[in-house]
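Within every chain, numbering begins at 1; the chains are lettered A, B, ... in the order of the sequence lines, protein sequences first and strands thereafter. Quick note: numbers below take in every heavy atom, side chains included, and nothing from hydrogens, waters or symmetry partners.
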There are 2 protein chains.
Amino acid sequence: MQDPFVCTPVSHHHCISSALDKAETLCRSRNVRLTPIRHRVLELIWQQHRPVGAYDLLEQLQQQGRVAPPTVYRALDFLQQQGLIHRLESLNAFVGCAHPQHPHQGQFLICKSCRSLVEITDPEISTVINNRAEAVGFKPLNQTVEVSGFCAGCWQKEQTNG
Amino acid sequence: MQDPFVCTPVSHHHCISSALDKAETLCRSRNVRLTPIRHRVLELIWQQHRPVGAYDLLEQLQQQGRVAPPTVYRALDFLQQQGLIHRLESLNAFVGCAHPQHPHQGQFLICKSCRSLVEITDPEISTVINNRAEAVGFKPLNQTVEVSGFCAGCWQKEQTNG
DNA sequence: TGTGTAATGTTATAATATAACATCAAAATA
DNA sequence: TATTTTGATGTTATATTATAACATTACACA
Ligand SMILES: [Zn+2]
Ligand SMILES: [Zn+2]
Ligand SMILES: [Zn+2]
Ligand SMILES: [Zn+2]
């Protein structure tokens with residue numbers, strides 16, 4: 001995974017096109033259509049490389065013609081179904097997934113200060129949660145794990161300033 | 001904790017009044033005001049004993065006179081600050097907390113079928129998540145852990161029916 | 001009783017999301 | 001190729017969730 005914390009403008013350009021390439025390959029192999037709108041929405045999401053709201057995307061799309069909310073939400077639904085993006089429940093926002101090959105639920109670290117985000121995929125977290133759920137007779141299907149706090153850089157600033 | 005899965009009408013009546021008693025004691029000891037509105041909102045939340053939306057609460061409050069959204073949201077804010085309720089990010093809903101004495105972040109098991117909810121408080125889950133976050137240089141402050149799936153009862157029905 | 005603060009009332013509006021139906025484009029079939 | 005079918009998008013309206021801003025009221029405390 002491309003680490004957002006060290007993602008420079010140059011490497012980020014690469015990480016956008018890499019994500020889009022992966023998406024195209026994946027959609028072709030699954031025989032689903034990554035239409036221009038869907039492709040564009042995914043591109044806009046990766047350009048930010050941080051959580052983006054649906055209406056932010058809408059605004060950007062509207063710079064090239066009239067677009068209405070359902071268009072954006074449909075694209076987001078598709079991208080989510082294909083595992084190309086994740087929805088962040090605590091932010092009402094969306095972020096690109098860097099490993100869309102295997103369906104999974106991400107675990108997200110969200111910086112309160114710079115609003116950057118890192119997705120981790122830790123099997124131990126999933127396992128512990130599932131075990132505890134099953135221990136009380138619950139059948140777990142889907143996990144939402146979102147951690148808010150400070151990224152390394154912002155935490156350092158916090159400590160020196162505060 | 002009163003287990004919602006086995007919460008009968010009778011025991012539930014107890015669990016409402018117990019929660020309200022705890023809240024009163026707690027607010028008195030903290031020298032904050034559990035005003036009639038706040039008390040009423042907490043009561044309505046516990047009456048459902050499952051996640052309730054702000055506008056559901058509003059509707060119920062309006063049966064006794066005109067109430068506007070800010071009133072409900074303010075009460076919810078207060079109750080959240082005091083740890084008397086939790087907000088479920090994945091549902092945009094609120095649920096009563098059965099252990100408001102010690103501030104904590106809950107871990108929630110949400111049944112897709114009957115929409116019942118169980119809060120667990122598992123230190124191991126918190127610890128694993130915090131460890132993994134710190135391992136990538138992130139300073140974790142707040143965790144959102146919400147698991148959707150089937151409660152014991154509904155899972156049994158699912159398996160026999162499907 | 002006055003005086004400051006916290007809580008609530010009130011109105012308006014912001015932000016997020018979906019329903020319903022019309023139109024269009026692509027794929028499949030004849 | 002023409003026809004049919006399906007999926008995608010356009011369009012309008014509206015639902016749902018949440019907050020801003022300012023007026024008023026209740027309470028605490030001097
Ligand atoms: Zn992912
Ligand atoms: Zn940061
Ligand atoms: Zn709790
Ligand atoms: Zn259930």
Side-chain angles (χ1 to χ4, degrees), chain A residues 23-24 27-45 48 50-82 84-95 115 144 146, chain B residues 23-24 27-45 48 50-82 84-95 115 144 146:
Chain A
E24 277 160 31
C27 287
R28 209 174 301 118
S29 80
R30 289 176 185 168
N31 206 30
V32 295
R33 293 170 55 203
L34 189 62
T35 62
I37 287 179
R38 293 166 175 176
H39 187 276
R40 181 82 180 110
V41 169
L42 185 58
E43 186 184 18
L44 288 172
I45 289 174
Q48 305 283 333
R50 79 185 61 233
V52 205
Y55 278 75
D56 281 356
L57 295 167
L58 183 59
E59 207 175 313
Q60 295 186 261
L61 288 171
Q62 280 171 342
Q63 289 170 7
Q64 292 139 291
R66 175 166 295 170
V67 182
T71 300
V72 176
Y73 281 101
R74 283 168 187 151
L76 291 170
D77 283 350
F78 170 85
L79 295 171
Q80 247 188 298
Q81 276 163 30
Q82 297 304 320
L84 296 165
I85 61 173
H86 294 287
R87 180 171 205 275
L88 296 153
E89 302 293 347
S90 61
L91 300 176
N92 293 337
F94 302 84
V95 73
R115 289 173 305 142
T144 298
E146 299 176 15
Chain B
E24 278 161 29
C27 287
R28 210 174 301 119
S29 80
R30 288 176 186 166
N31 206 29
V32 296
R33 294 170 57 203
L34 189 61
T35 61
I37 287 180
R38 292 166 175 176
H39 187 277
R40 181 81 181 112
V41 168
L42 185 59
E43 185 184 20
L44 288 171
I45 289 174
Q48 305 283 333
R50 79 185 61 232
V52 205
Y55 279 75
D56 281 356
L57 295 167
L58 183 59
E59 207 176 313
Q60 295 186 259
L61 287 171
Q62 280 171 342
Q63 290 169 7
Q64 292 139 292
R66 176 166 293 170
V67 182
T71 300
V72 176
Y73 281 101
R74 283 170 188 150
L76 291 170
D77 283 350
F78 170 85
L79 295 170
Q80 246 187 299
Q81 276 164 30
Q82 297 304 319
L84 296 165
I85 61 172
H86 294 288
R87 179 171 205 275
L88 295 154
E89 302 294 346
S90 61
L91 299 176
N92 294 336
F94 302 85
V95 73
R115 289 173 305 142
T144 297
E146 299 176 16

Determine whether any donor atom in the side chain of B/Arg74 lies under 3.5 Å from an acceptor atom in the base of C/dG9, or the reverse, and answer yes or no.
-> yes
Sorted by number, the residues of residues 61-71 of chain B with heavy-atom contact under 4.0 Å to DNA chain D =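 Residues of residues 61-71 of chain B that come under 4.0 Å of DNA chain D are, in numerical order, B/Pro69, B/Pro70.
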Nucleic acid contacts of residues 36-43 of chain A, taken as heavy-atom distances under 4.0 Å to DNA chain D = A/Ile37, A/Arg38
So, do B/Tyr73 and D/dT19 meet the stacking rule of ring centres under 5.5 Å and planes under 30°?
->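 Check failed, B/Tyr73 does not stack on base of D/dT19.
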Qualifying residues under salt bridge (Lys or Arg N to Asp or Glu O under 4.0 Å), relative to B/Arg28, sequence neighbours excluded =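 Per chain and number, B/Arg28 pairs via salt bridge (Lys or Arg N to Asp or Glu O under 4.0 Å) with no residue.
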Please identify each residue that fulfils salt bridge (Lys or Arg N to Asp or Glu O under 4.0 Å) with B/Glu24, with sequence neighbours left out.
-> none
Whichever of B/Gly53 and B/Arg33 has the more 5' nearest nucleotide on DNA chain D, that residue is B/Gly53
Residue whose nearest DNA chain D nucleotide is more 5′ - B/Asn31 or B/Asp56 |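 Of the two residues, B/Asp56 wins.
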Report the residues that fulfil side-chain hydrogen bond (donor to acceptor under 3.5 Å, both in side chains) with [X], sequence neighbours left out, ordered by chain and then residue number.
| X | value |
| --- | --- |
| A/Gln63 | none |
| B/Glu43 | B/Arg40 |
| A/Arg66 | none |
| B/Ser90 | B/Glu146 |

Residue list, side chain to side chain contact (heavy atoms under 4.5 Å, CB included) with A/Arg33, at least two apart or on another chain = A/Thr35, A/Arg38
Any donor and acceptor pair, going by atom type alone, linking the side chain of B/Gln62 with main-chain N or O of B/Val67 inside 3.5 Å?
-> yes
